[in-house]
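Following: one structure in structure tokens, then a few remarks.
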Amino acid sequence: MAQVVEIKIPDIGDFQDVPVIEVLVSPGDTVEKETALIALETDKATMEIPSPQAGTVKMVTVKVGDKVSHGTSILMLEAVDQEAQTNASDTSVSEEKQPTAQISETPADPPPVKPELHTENNNKSSTEQSKPIGNIPRGDLHAEVVVLGAGPGGYTAAFRAADLGKKVIMIERYATLGGVCLNVGCIPSKALLHMAKVITEAGDAENHGIVFGKPKISLEKLRTWKESVVGKLTKGLKTLAKQRKVEILHGTGKFATPHMIQVETSEGKKSVSFDHCIIAAGSNVARIPGFPYDDPRIIDSTGALKLEKIPKHMLVIGGGIIGLEMATVYAALGSKISIVEFMDQLIPGADSDLIKPLYRRIKKRYEAIYLETRVTEIEARKSGLTVSFEGENAPAPQTYDCILMAVGRRPNGFNIGAESIGIQIDEKGFIQVDQQLRTSFTHIFAIGDIIGSPMLAHKATYEGKLAAEIIAGHKVLLDARTIPSVAYTDPEVAWMGLTEHEAKKQEIEYEKASFPWAASGRAISMARDEGITQLILDKKTRRILGAGIVGINAGELIAETVLALEMGVDMEDISLTIHPHPTLSETVLFAAEMAEGTITDLYAPKNKT
């Protein structure tokens, strides 16, 4: 005669409060003896709890994210084998045998749902953690690795995983691959910045005896050029995916279970199951509450890249990298630019020494720069957008034709259903990961903007490749000593490693060696001698700790210092490395020689102390 019994967690050794990472059965399911009921994740291994006997599931009393211990109720089972019930006994966990769930003869009320999520990250070896969990319910599509998002980090992860022999599905919500960076970010902005540079250099040439006529700008052709650059790269990605047999599914994906993503496609909903997943869902534009965003004259960086028209007066809210790059483009195209920044300097993350040459140049070219100032109100009028300011340097209300909102980006952590399955997310929306980029589920990884700053494409790319290699069993972890940052302004600003501000804050004994480009033959011959190259070094070991460069092509020059930091070189190593002359790259050499006291291109009095 059938009897409803309660199935409990058996003796699982010394483990307490072990998180449930997968519920493998539902009410109404018929299970055989030894059928896996739930999967647990300890700090040593993944384990499944099998049923001690056959029967029909009446009620499941745990959910993903709950923490369980010996004796915790799992489910209510209508047992069909009375003898099995009587003889059921606890078994301890071993590597050879999985635990067997306990049966309680007296049904109990289900325990209350626990709100806490699994927050432990563990230290398993790469090989152990890369093993997939068995008995995964299959969706409409299944892959060994599913990548959610096809930006620089996502497609790099997908392609690397495919190269390592994995079957890969890449989910992308937009019609083209490449994400924000390639479609409406890094790449189109650099195409426009190149055109801005051409216009600016042609204008500056007048000071050296070469006069060009006023440029005639065709926005339609300029947009076509920008879109051709984007199109060439997106088509290239599609070809690379095809060559690697990476399946692409276009649609909006959200987690349904720790092994399943539901994707809303143009053809309806599809379920995609996976052994491993890499979240590369990126970020979106941040907004300041209370402004009239429904007014088309208020745009974000995506709107700015559309180049629908060139406003006469444009206000850029936010003096960070994105705002200043777009200001560079629109200023070259003829807009009168004003910038408002809440902090006391532009690009607050960089050292003030690097920002001064940029500030001096653009202050002459822009209508206004308001530091330590914030916007309190935007009033949409027919005649324009009237803006009120607050702060020590705040002007009277001003009216603009267009406002560019460039106050940063926010992660998409809360937009993909991650919290519903128990993935740990902080209050800002960043997914928490360990040094192997694992989330609170060891088979789910996260990379790029969605795991924290810096929100940079090259950081995401590095992490994407790493995640794919860990899934393939490689014994690697995130150990980059620095991630360089670049503002593609005019002049460019680039930095890596410790800034001087950070060195002071951390009370590190350091020295700073700077070389002014006013002494660089190459910079002088290009009429761009406003730049500076500076190195931050350990006072005792003389090893490089950080570097900053401001000047044209600074983004290209910073790479040498990144390699120097990764290799642990000292100032003598750099100063004894022959650089080509005359180049801007030798300013790194000269800065090292300044640190060593061996420079001949400048007279640097020796410190007698």
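By convention here, the first residue in the shown sequence is residue 1.
Between the side chain of Gln436 and the backbone N or O of Val476, at least one donor-acceptor pair lies under 3.5 Å. With Thr461 contributing its side chain and His458 its backbone, the two residues share no donor-acceptor pair below 3.5 Å. For the pair Asp401 (side chain) and His313 (backbone), a donor-acceptor distance under 3.5 Å is present. Looking only at distances, no side-chain donor or acceptor of Ser453 sits under 3.5 Å from a matching main-chain atom of Met455. Put simply, the side chain of Gln432 gets close to the backbone of Phe430: a donor and an acceptor are under 3.5 Å apart. Between the side chain of Thr561 and the backbone N or O of Ile558 there is at least one donor-acceptor pair closer than 3.5 Å.
Side-chain atoms of Asn183 and Thr176 form a donor-acceptor pair, as typed in the model, at a separation below 3.5 Å. For the 3.5 Å distance criterion, the side chains of Ser273 and His142 qualify, holding a donor opposite an acceptor.
Using a 4.5 Å cut-off on side-chain heavy atoms (C-beta onward), Pro311 and Tyr330 make contact. Taking 4.5 Å as the limit, every side-chain heavy atom of Ile378 sits out of range of all side-chain heavy atoms of Asp295. Side-chain atoms of Tyr155 and Leu240, non-hydrogen and from C-beta on, never get closer than 4.5 Å to each other. For the pair Arg160/Glu469, a side-chain contact is recorded, criterion being any heavy-atom separation below 4.5 Å from C-beta on.
The ring of His250 has its center no closer than 6.0 angstrom to the ring center of Tyr174.
Heavy-atom minimum distance, Leu404 versus Ala304: CD1-CB, 4.0 Å.
Summarising the geometry, atom CD1 belonging to Ile450 is positioned 11.0 Å from atom OG1 belonging to Thr439; distances are rounded to the nearest 0.5 Å.
Ring orientation note: the planes of Phe291 and Tyr293 are tilted relative to one another, at an angle of 30° to 60°.
Qualifying ring pair (Phe, Tyr, Trp, His ring centres under 6.0 Å) partners for Phe389, counting only residues two or more places apart in sequence or in other chains: Tyr370.
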